[in-house]
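Here you go, one structure.
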Amino acid sequence: ALQASAEIEPNNSIAEANVINVNRTYTGKIGGDTNFVDYFTFTTAADGLVELKMNDFSQTIRLNDANGKSVWTGFYRDDFKIGLPKGQYTLRIGGNNGIKGDYTLQWLFTEKQSISLEPNNSIEDAQPIPLNSTIEKLTTIPGSNNFFKIDVPRAGSLNVKTSHQDVGISLFDADGNWVALYDELFHHTINVTQGTYYIKMSTYSYPRFFTTTFTPHAVEVEPNNTTDTATLLPLNVKTRGYLVIGNVSDLYGLTVSKK
């Protein structure tokens, strides 16, 4: 059974935050003239899924990492699960215009590999993942977009297979330029050259997952939809190309020596 412990006041600031352990129950109270918020810190020893359980108590939840970067801000919800990388975190409860009451708090932690880890909601916060891997989204809190960073060792085709048709996949290059967008498909294939790319996974549902598969070979290079961006074809070499949603044409160039 989970052991219960009471919060220790004052814990109304980050400096005064109570240190708590995962997989235990804690009790607390918001109320009085100055006790509008409670701060707690906890540490995860590995990457994994953290589940927050509270009683029926409508308070704002703010979760920051050890550097003070916001991981999540919003109202507590019954099904609150979030994938977090190994590290230390600060939890703030309260701050809702005078709402008062007693509460119970549980942080349940399960170590998991190959899951979406927050925050990864922008290219700047993209989560590095290896090629030829499966990544699962188990986070239940609102937020539709997750970004992942991949490094491609050479030219070839990148295939992204999704678990459900409601998962949208977009691909961006190292400079953040859109390369391709796929909607309502389970398999998404795009030709890529050596370099860094970002995959954006868009879905409001969970659990969901996607698998990346990379096959090296000579390829067309997207974008190549205009004469200025046409792919230069090597002679006597078989080159693979793809027409996908958002990419209705491919243009190629040839260099032929005069004789």
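For reference, positions follow the sequence shown, starting with 1. The figures that follow rest on heavy atoms only: side chains count, while hydrogens, waters and symmetry mates do not.
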Does T196 use its side chain to pair, donor to acceptor, with the backbone of I150 at less than 3.5 Å?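 No: the side chain of T196 does not pair with the backbone of I150.
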Taking the side chain as everything from C-beta on, heavy atoms only, tell me whether K200 gets closer than 4.5 Å to N145.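 In contact.
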Okay, side chain of N11, backbone of F40: is any donor-acceptor separation there less than 3.5 Å? no
Rounded to the nearest 0.5 Å, what separates atom NZ in K29 from atom CG in D38? 11.5 Å
Rounded to the nearest 0.5 Å, what separation is found between the CZ atom of R92 and the CD1 atom of I14?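 Nearest 0.5 Å value for the CZ-CD1 distance: 9.0 Å.
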Does the D47 side chain pair with the main chain of Q113, one donor and one acceptor, at a distance under 3.5 Å? no
Can a donor-acceptor pair be found, under 3.5 Å and without considering hydrogens, that links the side chain of T213 to the backbone of N132?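 It does not hold such a pair.
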If only side-chain N and O atoms count, and only distance matters, is there a donor-acceptor pair under 3.5 Å linking T189 with N159? yes
With sequence neighbours excluded, what pairs up with D125 under the salt bridge (Lys or Arg N to Asp or Glu O under 4.0 Å) test? K69
Could you please spell out the steps behind the side chain to side chain contact (heavy atoms under 4.5 Å, CB included) verdict for V19 and T43? CA-CA 9 Å; V19 178; T43 300; over 6 Å; no
Treat each ILVMFWY residue as a node, draw an edge where side-chain heavy atoms are under 4.5 Å apart, and state whether V160 and Y206 are in one component. no
With rounding to the nearest 0.5 angstrom, report the OH to OG distance, Y26 to S5.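 Nearest 0.5 Å value for the OH-OG distance: 5.0 Å.
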Is it the case that the ring center of F42 lies less than 6.0 angstrom away from the ring center of Y89? yes
Under 6.0 Å between the ring centres of F210 and F148?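 Distance test on ring centres: under 6.0 Å, yes.
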Just verifying a value: how many Å separate L171 CG and H188 NE2, rounded to the nearest 0.5 Å?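 Answer rounded to 0.5 Å: 11.0 Å.
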I'd like to know if the side chain of Y39 reaches the main chain of A15, judged simply by a donor and an acceptor atom lying under 3.5 Å from each other, with no hydrogens or angles considered. no
Starting from L138 and following side-chain heavy-atom contacts under 4.5 Å between hydrophobic residues (I, L, V, M, F, W, Y), which residues can be reached? L49, I115, L117
Rounded at 0.5 Å granularity, tell me how far CZ in F75 sits from CD1 in I141.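 F75 atom CZ to I141 atom CD1 measures 14.5 Å (nearest 0.5 Å).
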Could you list the residues that satisfy salt bridge (Lys or Arg N to Asp or Glu O under 4.0 Å) with E136, not counting sequence neighbours?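 With sequence neighbours excluded, E136 shows a salt bridge (Lys or Arg N to Asp or Glu O under 4.0 Å) to no residue whatsoever.
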Short side-chain to backbone donor-acceptor contact, N64 and T90, under 3.5 Å: no
Do K137 side-chain atoms and T203 backbone N/O form a donor-acceptor pair below 3.5 Å?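 A pair under 3.5 Å: yes.
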Tell me every residue that passes salt bridge (Lys or Arg N to Asp or Glu O under 4.0 Å) with K53, counting only those two or more places apart in sequence or in another chain. E51
Is D175 reaching over with its side chain to a backbone N or O of N177, donor-acceptor style, under 3.5 angstrom? no
With sequence neighbours left out, write down each residue that passes salt bridge (Lys or Arg N to Asp or Glu O under 4.0 Å) with R208, or none if nothing qualifies.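 Salt bridge (Lys or Arg N to Asp or Glu O under 4.0 Å) check on R208 returns D166.
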Write out all pairs satisfying salt bridge (Lys or Arg N to Asp or Glu O under 4.0 Å) with one or both partners inside residues 145-160, taking only residues at least two apart or from two chains. none
d(N55 CG, D102 CG) to nearest 0.5 Å is 8.0 Å
